[in-house]
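Lettering follows sequence order; numbering is per chain, from 1.
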Amino acid sequence: MKMSQLFVQTLREDPSDAEVVSHKLLVRAGYIRKLTSGVYNYLPLMQRVLRKIENIVREEMDAKGAQELLMPFVQPEELWQESGRWDVYGKELMRLKDRHDRGMCLGPTHEEVITFIAREGIRSYKQLPVNLYQIQSKFRDEIRPRFGLLRGREFIMKDAYSFDFDQKGMEVAYEKMADAYTKIFLRCGLETRAVQSDSGAIGGSVSHEYMVLTNTDAGENDVLYCDKCSYAANTNHATSKMLKAVVDGGFAKAEKVHTPNVKSIDDLAAFLKVEPSVICKSLVYIADSKPVLALIRGDKAVEEVKLMNAVGANEIRIATEGEIKELMAQSGFDAVPGFIGPEGLKGITVVADNSVGELKNFIIGINETDYHLVGANFGVDVTGPCELHDIRLAQKGEGCPDCDGHLLITKGIEVGNIFQLGTKYSAAMGATFTAENGEEKPFIMGCYGIGITRTAAAAIERYHDDWGIIWPIAIAPYHVVVTPVNVKDEQQIETAQKIYEELKIQGVEVVLDDRDERAGVKFKDADLIGFPYRITVGKTITEGLVEFKARNSSDIQKISADDAVSKIVEIVKNIK
RNA sequence: CGGGAUGUAGCGCAGCUUGGUAGCGCACCUCGCUUGGGACGAGGGGGUCGCACGUUCGAAUCGUGUCAUCCCGACCA
């Protein structure tokens with residue numbers, strides 16, 4: 001491709017609406033342009049990058065025996081009614097009506113459609129296992145699209161779905177995908193960590209997220225990982241061994257204590273001269289519009305996602321002061337937040353964190369403003385029904401749950417995600433097969449996603465410098481740019497052209513910068529766009545020498561034109 | 001949806017307080033000159049100032065409304 005023909009417009013300045021480096025560089029270097037919020041045009045350079053990533057994904061998926069298909073982007077409401085997600089999915093699901101007033105939606109994911117396909121096509125266990133995937137645009141009407149391609153509303157995703165006749169088979173499929181994912185990201189030049197995660201609205205039990213660990217704002221997920229073993233988990237899911245703490249308040253008897261205007265845990269601990277860990281903190285949440293009282297040790301925090309899962313809700317938020325007041329009134333109290341406790345409360349689910357179970361002679365609110373109970377004990381002073389769950393936010397420095405290491409925290413960009421779904425969709429939608437014993441059984445499913453566009457953006461977050469993008473060669477739009485410094489110099493342009501033709505013949509993806517521009521402009525553009533290699537044909541051509549430079553290094557080698565060609569050919573041959 | 005901000009040429013911005021012929025840099029076109037890290041000179045094209053209503057002799061500027069975009073939070077590949 002000649003640079004003079006390539007459809008690309010580079011910008012000198014960062015676009016005003018871009019915040020993170022991948023977004024800025026993709027726009028500046030002419031890869032993408034915004035069409036509307038969270039929706040981007042992928043220009044020719046971008047399309048080449050996406051194709052490269054997609055092809056790596058295809059090769060690794062096919063290697064695991066998965067088969068590519070393509071499902072519709074628009075889906076009928078009925079299917080979502082069958083799975084139950086029409087009501088659950090929320091506003092991210094872009095709903096529309098066709099001319100006959102039938103409900104439709106833009107596909108945010110394809111569990112419903114694939115289950116429909118399996119229900120129609122798979123009758124017998126003999127047809128299993130099957131793994132089907134597609135690479136396609138998805139649409140999720142995100143509350144707040146941001147960060148360019150990292151969180152668009154429309155994005156390209158590879159989604160795969162496995163079908164098995166038993167749990168064991170599904171676990172094998174899951175492991176295969178896990179293996180494929182590690183390879184895919186590695187081939188894209190990205191080291192990832194498989195972290196345990198919450199499975200959210202998609203459902204299922206076991207799931208892992210593939211994270212590119214980056215300590216930048218662009219990493220939207222907080223990841224806790226062990227400094228010793230391979231344990232890693234999203235903070236919304238992580239568990240930890242707690243380090244030793246005082247759990248016995250040491251009070252000889254239960255006693256109501258006047259604590260005027262002492263509302264926070266820190267103030268209360270200071271006021272009573274005790275460790276925060278012997279206080280039982282009571283927090284009121286609203287989960288799917290129902291009130292929930294969460295009890296947790298005073299020195300720890302509640303992880304809302306865990307709490308939400310514990311009560312089987314889809315939405316959760318902390319209660320407002322007004323709601324708390326109302327709740328108090330219902331049970332005949334009028335305490336203000338800071339003095340709330342479980343005892344005597346009516347019409348509320350009480351969930352206690354496991355950590356609370358160890359407490360003895362502790363301190364707790366009793367729904368009386370300006371008073372707390374010290375020396376409280378379960379079964380004596382706290383008598384209501386109460387479920388024990390892990391609802392605690394694991395924190396940095398705590399013990400690894402799997403070994404004797406400690407947890408560290410970092411940010412991560414989630415580029416892939418694998419779930420063991422089980423029968424959630426197949427059972428709901430009546431997708432069954434005939435088992436060996438003649439029984440009709442629902443498929444055991446798994447689903448596996450990779451954000452193609454997000455992977456490209458993550459690669460830029462990971463590999464760039466002040467001048468522009470530094471693509472890993474496997475996903476670069478072109479392998480090399482040949483830059484004649486002065487196109488009016490016949491020897492330079494002729495040599496450059498020869499190198500260009502030769503490389504093309506050898507199957508190298510090459511751009512010839514044949515523009516009548518000054519060298520500085522060409523170099524700046526080449527660095528910004530991020531060609532992995534550059535062959536510069538300049539003054540030294542009179543001695544038969546050209547320059548060879550890698551984008552990720554400042555070294556410049558002066559070599560013969562022939563050597564430059566064979567060097568590039570060698571490099572390209574070794575791309576996996 | 002809650003909190004904050006911004007809409008003026010393809011991009012980045014000034015002008016608005018104090019209403020009176022719409023500006024600057026980059027990009028683009030022509031000519032000259034230049035050719036190793038975003039040169040220079042001369043000339044040129046391009047904007048119903050987000051949209052609507054109002055105030056006024058007159059609105060980019062003042063008022064009201066509306067739409068869009070971005071940032072901070074809850075959602076997720």
Side-chain angles (χ1 to χ4, degrees), chain A residues 9-20 23 27-28 30 33-39 57 89-93 108-110 135-160 181 197-202 207 209-212 217 220-221 234 236 304-305 308 314-318 320 412-419 447-458 467-468 483-489 492-493 515-528 534 536-541 547 549 554 556:
Chain A
Q9 298 81 39
T10 58
L11 302 175
R12 291 193 185 200
E13 282 164 295
D14 286 334
S16 62
D17 59 359
E19 193 75 3
V20 299
H23 187 193
V27 174
R28 274 191 62 205
R33 290 288 185 264
K34 185 171 70 180
L35 184 60
T36 182
S37 177
V39 179
V57 168
Y89 209 100
K91 288 190 176 165
E92 286 77 45
L93 184 63
T109 172
H110 281 66
I135 296 175
Q136 188 209 37
S137 285
K138 299 276 184 265
F139 195 95
R140 293 184 190 170
D141 198 2
E142 295 281 347
I143 299 165
R144 184 143 100 83
R146 59 175 149 178
F147 298 160
L149 295 192
L150 284 171
R151 177 169 301 283
R153 290 194 292 172
E154 184 178 303
F155 57 97
I156 299 173
M157 177 171 159
K158 184 283 302 182
D159 46 327
Y181 273 37
S197 64
D198 177 65
S199 37
I202 295 180
S207 75
E209 291 169 346
Y210 283 76
M211 296 277 190
V212 175
D217 290 345
E220 291 186 271
N221 300 274
N234 198 308
N236 64 24
E304 296 185 4
V305 173
M308 184 171 87
N314 292 305
E315 254 184 326
I316 196 156
R317 61 175 172 82
I318 198 102
T320 63
I413 299 171
E414 183 186 351
V415 288
N417 201 318
I418 58 178
F419 291 98
C447 76
Y448 318 92
I450 288 180
I452 303 288
T453 34
R454 185 181 277 181
T455 299
W467 311 116
T483 307
V485 169
N486 182 352
V487 295
K488 299 236 169 85
D489 180 316
Q492 285 184 24
I493 188 75
R515 296 175 299 170
D516 184 9
E517 291 284 357
R518 309 180 111 238
V521 173
K522 297 187 183 186
F523 292 157
K524 291 282 187 201
D525 276 346
D527 288 347
L528 182 59
R534 187 176 82 205
T536 310
V537 184
K539 282 177 190 150
T540 54
I541 194 61
E547 281 166 16
K549 181 182 177 301
S554 53
I556 295 178

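Within the structure, every side-chain polar atom (N or O) of T36(A) is placed at least 4.0 Å from both OP1 and OP2 of A68(B). Here R518(A) does not reach the OP1 or OP2 of G37(B): none of its side-chain N or O atoms lies under 4.0 Å away. For K539(A), a side-chain nitrogen or oxygen approaches OP1 or OP2 of G36(B) to under 4.0 Å. Contact between the side-chain N/O atoms of T10(A) and the OP1/OP2 oxygens of G38(B) is not found at any separation under 4.0 Å. The side chain of K138(A) contributes no N or O atom lying less than 4.0 Å from OP1 or OP2 of C76(B). Applying the 4.0 Å criterion to OP1 and OP2 of C71(B), one finds that R146(A) has every side-chain N and O outside that range. Contact check, R317(A) against G73(B): no side-chain N or O comes under 4.0 Å of OP1 or OP2.
Base pairing analysis places G47(B) opposite nothing; no Watson-Crick or G-U wobble pair with both distances below 3.5 Å involves it. The partner of G32(B) is C40(B), by the rule that a Watson-Crick or G-U pair needs both atom distances under 3.5 Å. Partner assigned to C76(B) is none, using Watson-Crick or G-U wobble distances below 3.5 angstrom. Partner assigned to C13(B) is G23(B), using Watson-Crick or G-U wobble distances below 3.5 angstrom. When both pairing distances are held under 3.5 Å, A5(B) makes a Watson-Crick or G-U pair with U69(B). In a base pair of the Watson-Crick type (N1 to N3 plus N6-O4 or O6-N4) or a G-U wobble (N1-O2 and O6-N3), with each distance short of 3.5 Å, U64(B) is matched with A52(B).
A60(B) and C53(B) have their P atoms separated by 14 Å, given to the nearest Å.
Counting atom types as modelled, R151(A) pairs a side-chain N or O with a base atom of C76(B) as donor and acceptor under 3.5 Å. Between the side chain of D527(A) and the base of G37(B), at least one donor-acceptor pair of N or O atoms lies under 3.5 Å.
The listed nucleotides are C76(B), C1(B), G38(B); the one nearest the side chain of I143(A) is C1(B). Comparing G36(B), A77(B), G38(B) by their closest approach to the side chain of E547(A) singles out G36(B). You'll find that the side chain of N417(A) is closest to A77(B), out of C76(B), A77(B), U69(B). Ranking C70(B), G36(B), C72(B) by closeness to the S37(A) side chain, first place goes to C70(B). In the set C75(B), U34(B), C76(B), C76(B) carries the atom at the smallest distance from any side-chain atom of R454(A). Closest to the R144(A) side chain, of the nucleotides C70(B), G36(B), C71(B), is C71(B). When distances run from any side-chain atom of V485(A) to the nucleotides A77(B), U35(B), C76(B), the shortest one goes to U35(B).
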In residues 146-155 of chain A, what donor-acceptor pairs under 3.5 Å come from side-chain atoms, sequence neighbours left out?
from    : atom 1 : to      : atom 2 : distance (Å)
R151(A) : NE     : E220(A) : OE1    : 3.1
R151(A) : NE     : E220(A) : OE2    : 3.4
R151(A) : NH1    : E142(A) : OE1    : 3.3
R151(A) : NH1    : E142(A) : OE2    : 3.4
R151(A) : NH2    : E220(A) : OE1    : 3.2
R153(A) : NE     : S37(A)  : O      : 2.9
R153(A) : NH1    : D141(A) : OD1    : 2.9
R153(A) : NH2    : S37(A)  : O      : 3.0

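Between Y210(A) and I450(A) there is no side-chain heavy-atom pair separated by less than 4.5 Å.
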Please write out each protein N/O paired with an N/O of nucleotides 11-13 of chain B under 3.5 Å, distance rounded to 0.1 Å.
from   : atom 1 : to     : atom 2 : distance (Å)
G12(B) : OP1    : S16(A) : N      : 2.9
G12(B) : OP1    : S16(A) : OG     : 3.0
G12(B) : O2'    : E13(A) : OE2    : 3.0

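N234(A) and E209(A) share a side-chain donor-acceptor pair at under 3.5 Å.
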